[in-house]
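Worksheet: the structure to be examined is printed underneath.
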Amino acid sequence: MTELSSCILDTDSNDLLHQLQSLCLDAGLTVSDDQLQMCLDHLLLVIEKNKVINLTRITSLEDALVLHILDSLLLLPYVERAPHGCLLDMGTGAGYPGLPLHIVSGRSSTLLDSVGKKVHAVQEFIDQLHLKDVRPVHSRLEDYARDHRSQYSVVVARALSSLPVLVEYAAPFLSHGGLFIAAKARPDLDELCSGDQAADMCGMRRIDFDEFDLPYGLGHRTVVVYKSVALPSIKLPRQSGTAKRSPLA
């Protein structure tokens with residue numbers, strides 16, 4: 001077990017691990033105990049760091065098991081369908097969903113965020129957990145995309161923006177055949193249709209759509225998956241901020 005702060009000493013870590021094991025089993029996820037313990041260690045670091053900087057509004061560890069760890073790992077089956085290669089987490093925040101997905105999938109990973117203090121915190125977590133082949137990056141998505149075109153086999157984002165905006169952000173990062181996996185609360189039909197229209201312009205096609213009710217009545221999760229199938233019909237990335245100000249659809 002990783003050496004952590006006094007947060008662990010105040011927590012029944014074994015009980016939390018058993019809860020997490022049960023949550024993953026019920027969700028049909030195959031994750032080793034060592035991997036789950038590493039995810040739990042990360043969560044405890046986040047809760048402790050949250051006393052200093054605002055990383056999460058979730059303060060209940062039991063809720064955080066679902067809303068941070070399980071919610072991240074629900075994307076794992078889709079990540080495993082992507083071609084071999086690197087993973088990018090757009091808007092990683094405290095490291096979700098990117099760090100749990102990196103821990104379990106073993107993919108080389110980039111965790112991107114535009115807020116410097118969050119990126120610095122994630123670097124601390126990576127160092128304390130002794131993780132390899134994963135790095136946090138402080139940058140705007142459009143800026144980073146200009147120098148990292150087609151370098152990722154899978155891109156993930158959780159509740160970051162509307163689907164048309166997310167699709168536009170993800171498209172330039174993806175290699176041909178790569179997957180973009182978006183986790184949303186409950187997008188309406190208009191957002192889904194707009195996402196599909198934007199995807200068409202960005203050389204992508206929606207290939208999967210699944211919905212889940214999270215345990216303990218903690219909400220609903222929709223996973224939308226797009227595949228890079230062609231070159232975009234427009235020049236990407238557009239100027240920073242344009243995707244949000246003027247979505248493609």
Side-chain angles (χ1 to χ4, degrees), residues 20 23-24 26-29 31 39 42-43 46 55-58 63-82 86-105 107 109-115 118 122 134 141 152-171 173-174 178-196 198-199 202 204-228 243-244 247:
L20 187 54
L23 288 167
C24 288
D26 290 346
L29 298 171
V31 186
C39 291
H42 169 223
L43 175 62
V46 170
L55 292 174
T56 178
R57 58 179 176 77
I58 302 164
D63 288 355
L65 291 179
V66 173
L67 295 173
H68 282 327
I69 301 178
L70 179 67
D71 200 25
S72 296
L73 293 179
L74 286 174
L75 305 185
L76 182 63
Y78 310 94
V79 170
E80 290 175 338
R81 296 178 199 170
C86 301
L87 177 147
L88 172 68
D89 179 11
M90 301 194 306
T92 195
Y96 297 110
L99 267 184
L101 291 174
H102 167 74
I103 289 166
V104 179
S105 74
R107 287 180 184 258
S109 301
T110 302
L111 313 180
L112 193 65
D113 205 283
S114 62
V115 181
K118 294 182 179 180
V122 172
V134 54
L141 287 161
Y152 294 92
S153 297
V154 56
V155 176
V156 297
R158 191 175 69 148
L160 183 64
S161 191
S162 66
L163 283 174
V165 175
L166 292 176
V167 164
E168 179 177 346
Y169 284 156
F173 291 113
L174 284 170
L179 301 185
F180 168 51
I181 304 163
K184 301 281 293 181
R186 200 186 293 267
D188 60 24
L189 183 59
D190 286 344
E191 182 176 351
L192 287 169
C193 290
S194 295
D196 290 349
C202 293
M204 298 165 70
R205 174 170 51 87
R206 174 153 58 100
I207 62 167
D208 214 338
F209 175 92
D210 287 315
E211 295 185 281
F212 311 91
D213 286 320
L214 296 174
Y216 312 148
L218 288 174
H220 186 82
R221 185 62 64 238
T222 301
V223 179
V224 190
V225 184
Y226 299 87
K227 183 176 182 178
S228 177
K244 281 192 173 182

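Start at 1 with the first residue, then count along the sequence.
Between Y226 and the options V155, L166, L163, a side chain to side chain contact (heavy atoms under 4.5 Å, CB included) holds for only L163.
Residues in residues 210-224 take part in these salt bridge (charged side-chain N to carboxylate O under 4.0 Å, His left out) pairs, two or more places apart or across chains: D71-R221.
Residues that satisfy the salt bridge (charged side-chain N to carboxylate O under 4.0 Å, His left out) test with K184, not counting sequence neighbours, are E191. Under the ring pair (Phe, Tyr, Trp, His ring centres under 6.0 Å) criterion, H68 pairs with Y96, sequence neighbours left out. For S109, the side-chain hydrogen bond (donor to acceptor under 3.5 Å, both in side chains) partners are H102, not counting sequence neighbours. Looking at residues two or more places apart in sequence or on another chain, you find no side-chain hydrogen bond (donor to acceptor under 3.5 Å, both in side chains) involving S153. The salt bridge (charged side-chain N to carboxylate O under 4.0 Å, His left out) test applied to R81 returns D208, not counting sequence neighbours.
Minimum interatomic distance between A185 and T222 (heavy atoms only, all atoms of both residues): O-OG1, 3.3 Å. Taking every heavy atom of both residues into account, R158 and L67 meet most closely at NH1-O, 2.7 Å. Counting all heavy atoms, side chain and backbone alike, V104 lies closest to C39 at CG2-SG, 4.5 Å. Nearest heavy atom pair, residue A82 against residue V154, reads CB-CB, 3.8 Å. Nearest heavy atoms, D89 versus G98: OD2-N, 2.9 Å. Summarising the geometry of A94 relative to H42, their closest heavy-atom pair is O-NE2, 3.0 Å, with the distance given to 0.1 Å.
For the pair L179/Y78, no side-chain contact is recorded, criterion being any heavy-atom separation below 4.5 Å from C-beta on. Here the side chains of K227 and V225 are not in contact, with every heavy-atom distance at 4.5 Å or above. Taking 4.5 Å as the limit, some side-chain heavy atom of L214 sits within range of a side-chain heavy atom of L74. Here the side chains of K118 and L55 are in contact, with some heavy-atom distance below 4.5 Å.
Summarising the geometry, atom CG belonging to L20 is positioned 7.5 Å from atom CG belonging to L70; distances are rounded to the nearest 0.5 Å. Expressed to the nearest 0.5 Å, how far CD1 of I58 lies from CG of L218 amounts to 8.5 Å. Distance check, rounded to the nearest 0.5 Å: CD1 of I69 to CG of L23 gives 9.0 Å. The distance from the CG atom of L101 to the CG atom of L76 is 6.5 Å, given to the nearest 0.5 Å. With rounding to the nearest 0.5 Å, the separation of CE in M90 from CG in L141 is 5.5 Å. Distance check: R107 CZ to Y152 OH gives 13.0 Å after rounding to the nearest 0.5 Å.
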